[in-house]
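Both ligands and their constituent atoms are indexed starting at 1 by order of listing. Everything quoted here is computed from the prediction, not taken from an experiment.
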Amino acid sequence: MPSRPAGARPGAKAPTLRGPFDPGGQPQLTIDNHLHISLFAWNVSSGLSASKAVLSDVERHRDFWKWPTASKLMRAVEEAGFDSQLQYGMWSGYGGDTGWNDAGLDFATAATASAAVTERIGIYSTIHVGYNISPLLIAKVFSDIDHISGGRLGVNVVAGQNAVDYAQFGLVGPPSQEIRYAIADEMTTALKLLWTSDEPVDFEGEYFQMYGARINPRATSRPRPLLICAAASDIGLDYATRQCDALFVTADDNTVDGYRKKAARIHGMAAEHGRQVRIAAMCYVVMDDTDAKALETVEWMRGQIDRGAIETWLTRSGHILNSEARTVSDEVVGDARVSSGATQDPYLGIGKEHYEGLGMGMGAYQLFGSYETVADQLIALYEAGVGQFALSFFDPQRGVQQMRDHVLPILRERGYNQIQV
Ligand SMILES: Cc1cc2nc3c(=O)[nH]c(=O)nc-3n(C[C@H](O)[C@H](O)[C@H](O)COP(=O)(O)O)c2cc1C
């Protein structure tokens, strides 16, 4: 264990190294009858669409993350009445014929730039912990973005599980789930301390050490920026309910009732620590004037799922692909692949529904249909306990317009989202 360096300025000992830790309390989480709507994954190529349909118009469907297109998108999101933009944290991408998520804007640049071109929406960034990035640097960069945005920052904490990314940072990984979330726990405590302390602090954790550490300006948000987490495992959920404020959940059966049960369980876990949380859902949206028209687009996209990209996603997320499912004569060495093109199982051994669900939304809850259908489903999820919706679209520019012109007016007509937050 390192010791206090001789040159360090005096610092107050950190009151704790792990959560629950909420100096000054938690940020405000909910507003009555208000569905918090976020635009998700706008900062990476193709967002949540792993379909070769994106190649039909790459500027609209794949490269929307590029500035100045994304700058216009951010302004449109604000004007449409969304509550926040939520970035996808990605360092490597999944390749395939479409180059799924292969390019994009990083956690700091995307957040700073979007803060500068908007005035009201929440600026929610995503940071990976576990890559040996110092909490001082992360706290400082985010505090400055919070300053520039006038206190609109939120941070999604990801306990990285991608071996390729650990290797990019010169590390062997991923570590065990216990260690991933122990690192996240220490990092989160350190961020909260730095964001809220006037005085220099000493933090002697197992994974991070800081001596006489202080940032100026401190976070602008009061009591501190909102913390988000999308953990799915029990260990991850334990961390998230102790330390974070908005939790992305996925229901095992992807039904409204499944979300209701999951939300109740997570509220219970948070309550054990005297905390409250907002439940959030990731949704992939294809909508149109009628159900039939939307489903036509869905079918067209489904027919062109980017198999190579899905295969990489599955391996990187820790799914072991059984060799029967692989493309015949595939040799996977790192990211290099030699393929004969013939297939044994078109769905890579995970079944049609799961395969298509990954291609059309990375496993998100699917909102496919007319504007009325989409509004009905959003309301049903909200009434089941989901407070925030991270929406991702095949065509984000059109999707944001459709929300503005059709879905948000329906929500207002039905008594929701009466005030703009
Ligand atoms: C809505 C949502 C957003 C996510 N965002 C990211 C992200 O931006 N970057 C990332 O590497 N992982 C992301 N993840 C993955 C989660 O952080 C997490 O690693 C995953 O759900 C597995 O949970 P576990 O770590 O508890 O096993 C996201 C997951 C969901 C459901």
Asker: Could you find the nearest protein heavy atom to atom 22 (C) of ligand 1 and give me its residue, atom name and distance?
Answerer: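 Closest protein heavy atom to atom 22 (C) of ligand 1: Gln161 NE2, 3.6 Å.
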
Asker: Going by an N to O cut-off under 4.0 Å, is there a salt bridge joining Glu356 and Arg307?
Answerer: no

Asker: Quick one: do His36 and Ser84 satisfy side chain to side chain donor-acceptor pair (under 3.5 Å)? Show the steps, please.
Answerer: CA-CA 8 Å; His36 181 118; Ser84 59; 2.7 Å; yes

Asker: Taking only heavy atoms of Thr126, which atoms of ligand 1 are found under 4.0 Å from at least one of them?
Answerer: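 Close to Thr126: 7 (C), 8 (O).
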
Asker: Check side chain to side chain contact (heavy atoms under 4.5 Å, CB included) between Ala113 and all other residues, then give those that pass, not counting sequence neighbours.
Answerer: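 Expected list: Trp67.
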
Asker: Excluding sequence neighbours, so at least two apart, what forms side chain to side chain contact (heavy atoms under 4.5 Å, CB included) with Ile228?
Answerer: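 If we apply the side chain to side chain contact (heavy atoms under 4.5 Å, CB included) test to Ile228, skipping adjacent residues, the hits are Leu86, Tyr124, Asn156, Leu226, Ala246, Phe248.
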
Asker: At what distance is the nearest protein heavy atom to atom 25 (O) of ligand 1, and which residue and atom is it?
Answerer: Tyr181 OH, 2.6 Å

Asker: Looking only at N/O atoms, are Phe40 and ligand 1 under 3.5 Å apart anywhere?
Answerer: no

Asker: Quick check: does Thr250 get an N/O under 3.5 Å from an N/O on ligand 1?
Answerer: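 There is no such contact.
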
Asker: Set out, in order, the CA-CA distance, both residues' side-chain angles and the distance that settles side chain to side chain donor-acceptor pair (under 3.5 Å) for His34 and Asp83, then state yes or no.
Answerer: CA-CA 10 Å; His34 189 87; Asp83 298 279; 2.8 Å; yes

Asker: Taking 4.0 angstrom as the limit and counting only heavy atoms of Ala231, give me the atoms of ligand 1 inside it, by number and element.
Answerer: 23 (O), 26 (O)

Asker: Step by step, work out the salt bridge (charged side-chain N to carboxylate O under 4.0 Å, His left out) result for Arg242 and Asp185.
Answerer: CA-CA 9 Å; Arg242 280 185 293 107; Asp185 205 347; 2.8 Å; yes

Asker: What protein heavy atom sits nearest atom 5 (N) of ligand 1, and how far away is it?
Answerer: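 Going atom by atom, the protein heavy atom closest to atom 5 (N) of ligand 1 ends up being Asn156 ND2, 3.8 Å.
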
Asker: Taking only heavy atoms of His128 into account, list the atoms of ligand 1 that are under 4.0 Å away from them.
Answerer: 9 (N), 10 (C), 11 (O)

Asker: Under a plain distance cut-off of 3.5 Å, with no hydrogens placed, do Asp146 and Ser143 share a side-chain donor-acceptor pair?
Answerer: no

Asker: Could you tell me whether Arg60 and Asp395 have a side-chain N and a carboxylate O separated by less than 4.0 Å?
Answerer: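 Judged by the 4.0 Å cut-off on N to carboxylate O distance, Arg60 and Asp395 do form a salt bridge.
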
Asker: Which residue and non-hydrogen atom of the protein lie closest to atom 31 (C) of ligand 1, and at what distance in Å?
Answerer: Ala230 CB, 3.9 Å

Asker: Check the side chains of Ser51 and Gln304 for a donor-acceptor pair under 3.5 angstrom, ignoring hydrogens and angles.
Answerer: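 There is no such pair between these side chains.
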
Asker: Which protein non-hydrogen atom lies closest to atom 26 (O) of ligand 1, naming both residue and atom, and how far is it?
Answerer: Ser233 OG, 2.6 Å

Asker: Give the numbers and elements of all ligand 1 atoms closer than 4.0 Å to a heavy atom of Phe248.
Answerer: 1 (C)

Asker: Any protein heavy atom at under 4.0 Å, with atom 15 (C) of ligand 1 as the reference point?
Answerer: no

Asker: Charged N to carboxylate O under 4.0 angstrom, Asp288 versus Arg398?
Answerer: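 Salt bridge present between Asp288 and Arg398.
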
Asker: What atoms of ligand 1 come within less than 4.0 Å of a heavy atom belonging to Met282?
Answerer: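 Checking each atom against Met282, I get 1 (C), 2 (C).
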
Asker: What protein heavy atom sits nearest atom 9 (N) of ligand 1, and how far away is it?
Answerer: Gly89 O, 2.8 Å

Asker: Could you identify the single nearest non-hydrogen protein atom to atom 23 (O) of ligand 1 and state the distance to 0.1 Å?
Answerer: Ala232 N, 3.0 Å

Asker: State if Met362 counts as touching ligand 1 under the rule of any non-hydrogen atom under 4.0 Å.
Answerer: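 No, that is not the case, since the closest heavy atom of the residue is not under 4.0 Å from the ligand.
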
Asker: Report yes if Gln177 has an N/O atom closer than 3.5 Å to an N/O atom of ligand 1; otherwise report no.
Answerer: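 Between Gln177 and ligand 1 (N or O atoms, distance only) the closest approach is under 3.5 Å.
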
Asker: Starting from the C-alpha separation in whole Å, work towards a yes-or-no answer on ring-ring contact (aromatic ring centres under 6.0 Å, His included) for Tyr365 and Tyr284.
Answerer: CA-CA 6 Å; Tyr365 189 89; Tyr284 186 70; over 10 Å; no

Asker: Which heavy atom of the protein is the closest neighbour of atom 6 (C) of ligand 1, given with residue, atom name and distance?
Answerer: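 Answer, as residue, atom name and distance: Val158 CG2, 3.9 Å.
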
